[in-house]
Amino acid sequence: MPEAAHIGSGKVREIYALDPARLVLVASDRISTFDVVLGTSIPDKGRVLTGLSAFWFSRTSGITPNHLLSLEDDGRSMICRRLDMLPVEIVVRGYLAGSGWKDYLATGSVCGHRLPAGLRESERLPEPIVTPATKAASGHDLNISEAEAAILSGAEAYEAARSAALALYAFASAHAEPRGVVVADTKFEFGVDPDGVVTLGDEALTPDSSRFWPADAYAPGGPQPSFDKQFVRDWCERSGWDMTSPGPELPEDVVSGTRARYVEAFERLTDVRFQDYVDEPGSVL
């Protein structure tokens, strides 16, 4: 697309402008943990993210509008509507894991949500909760309360995004359950379109933005096996890396193991063979 002008790079995506109303988002194979891009890419990771996002976008437009206009033939690029993005990420948690588990151990609460005493790591919550986070230009994102998120985003826009996020999580969980996948938590990003409509953007329900656990191995009381980048996070925590830039190089077994987990998540959730998607990206729509 010679007419596309490069306007930015994220941790994973390259962003191009086609015109004032449209962007091209290209998902690279870069991987980040603890908000730092690592020194080794994961082959085909960008295609998994793009294909899964397109799969969910095409099935949830009745729940909330999204920014997807077209999925491109390379399987890693999407043409999208340009949005004015909200300054927070909206995380929906159905299970107690990750930073939520750490916050619960310290305070008994997660982002202002007081939870019952005695919950175990990875335990299913009585009902899903919304735990927003800031979007840090550099450094680490920070968990914040819903009241703080509403101030940053505007109360009306935040409430619309919050309601959409909970509905999307419910839809995805119901879809994933019979396919042997637990959607433990997931992150959404929303923006506002030129008509003022709160709209789902970025990516949706991928192994980068979610915790996906195999249902047949689920056992609350500790960490779970997963189809996401927890495998890489675990290696990083064991490696002695201080979690600051630059990120370390990954060994080959971690690279291949991560790719296998991402591809398995893709195939379980879409019911499409990954190679079939590579050959024909439209197979997920």
Side-chain angles (χ1 to χ4, degrees), residues 8-15 25-50 52-53 76 88-93 95-106 110-111 121-122 131-144 181-189 202-214 222-266:
S9 298
K11 295 184 184 78
V12 172
R13 286 171 180 77
E14 300 295 334
I15 306 170
L25 302 185
V26 184
S28 74
D29 291 338
R30 298 190 294 267
I31 191 167
S32 69
T33 58
F34 306 103
D35 297 304
V36 176
V37 176
L38 304 184
T40 312
S41 296
I42 307 298
D44 288 317
K45 175 176 173 285
R47 289 189 174 91
V48 169
L49 302 188
T50 298
L52 262 176
S53 294
R76 63 170 69 244
V88 298
E89 300 172 345
I90 298 183
V91 179
V92 182
R93 300 178 186 272
Y95 294 75
L96 190 55
S99 64
W101 168 243
K102 293 177 183 177
D103 290 348
Y104 174 77
L105 284 179
V110 181
C111 294
E121 183 176 4
S122 305
T131 63
T134 61
K135 296 181 187 179
S138 61
H140 299 294
D141 298 338
L142 297 175
N143 291 344
I144 58 176
V181 178
V182 173
V183 183
D185 57 46
T186 193
K187 176 199 77 174
F188 298 109
E189 295 197 32
D202 193 57
E203 66 178 27
L205 294 151
T206 74
D208 264 20
S209 62
S210 314
R211 282 188 175 84
F212 294 142
W213 297 338
Q224 306 297 305
S226 67
F227 301 124
D228 53 56
K229 64 180 177 182
Q230 190 61 46
F231 183 63
V232 180
R233 291 191 195 100
D234 291 345
W235 180 87
C236 287
E237 291 186 312
R238 295 193 305 267
S239 72
W241 173 47
D242 64 1
M243 312 304 175
T244 62
S245 187
E249 297 284 343
L250 298 174
E252 178 53 39
D253 63 315
V254 175
V255 172
S256 61
T258 302
R259 182 188 183 278
R261 285 163 171 79
Y262 274 53
V263 168
E264 183 168 358
F266 176 97

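In this structure the side chain of C236 reaches within 4.5 angstrom of the side chain of L38, judged on heavy atoms. Side-chain contact between I42 and Y262: absent, with no pair of heavy atoms (C-beta onward) separated by less than 4.5 Å. The shortest distance between side-chain heavy atoms of S209 and V91 does not fall below 4.5 Å. Counting only heavy atoms from C-beta outward, the side chains of Q224 and P214 never approach each other to under 4.5 Å. W235 has its side chain out of reach of T258: every pair of non-hydrogen atoms, C-beta onward, lies at least 4.5 Å apart.
Atoms CZ and OG, from R47 and S28 in turn, are 12.0 Å apart once rounded to the nearest 0.5 Å. The line from OG1 of T50 to CD of E203 is 8.5 Å long, rounded to the nearest 0.5 Å. One finds the CH2 atom of W101 at 5.5 Å from the CD atom of E121 (value rounded to the nearest 0.5 Å). Taking CD of E89 as the start and CG of D202 as the end, the distance is 8.0 Å to the nearest 0.5 Å. Atom OG of residue S210 and atom CD of residue Q230 lie 13.0 Å apart, to the nearest 0.5 angstrom. Taking CG of L96 as the start and CG of D185 as the end, the distance is 10.0 Å to the nearest 0.5 Å.
Across every non-hydrogen atom of W213 and A97, the tightest pair is CZ2-CB, 3.8 Å. Across every non-hydrogen atom of L49 and P207, the tightest pair is CD2-CD, 4.1 Å.
Each of V255, T40, I31 was evaluated against V232; a single residue qualifies, I31, per the side-chain contact (heavy atoms from CB on, under 4.5 Å) test.
Panel note: side chain S256, backbone D253; a donor-acceptor pair is recorded below 3.5 Å. Listed for the R30 side chain is a donor-acceptor partner under 3.5 Å among the backbone atoms of G10. Counting only distance, with no hydrogens or angles, the side chain of D228 and the backbone of F212 share a donor-acceptor pair below 3.5 Å. Using modelled atom types, no side-chain atom of K11 and backbone atom of D35 make a donor-acceptor pair closer than 3.5 Å.
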Please report the C-alpha distance between T131 and S99 in whole Å, then the side-chain angles of each, then the deciding distance to 0.1 Å, and finally whether the side-chain contact (heavy atoms from CB on, under 4.5 Å) criterion is met. CA-CA 10 Å; T131 63; S99 64; over 6 Å; no
Test log, rule side-chain contact (heavy atoms from CB on, under 4.5 Å), inputs E237 and T33: CA-CA 10 Å; E237 291 186 312; T33 58; over 6 Å; no
Run the numbers on M243 and V36 for side-chain contact (heavy atoms from CB on, under 4.5 Å), then give the verdict. CA-CA 7 Å; M243 312 304 175; V36 176; 5.9 Å; no
Step-by-step side-chain contact (heavy atoms from CB on, under 4.5 Å) determination, F266 to D44: CA-CA 11 Å; F266 176 97; D44 288 317; over 6 Å; no
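Taking a cutoff of 4.0 Å between a charged side-chain nitrogen and a carboxylate oxygen, R76 and E14 do not qualify as a salt bridge.
Judged by distance alone, the side chains of D208 and T206 never bring a donor and an acceptor atom under 3.5 Å apart. Side chains of S122 and R211: no donor on one and acceptor on the other come within 3.5 Å.
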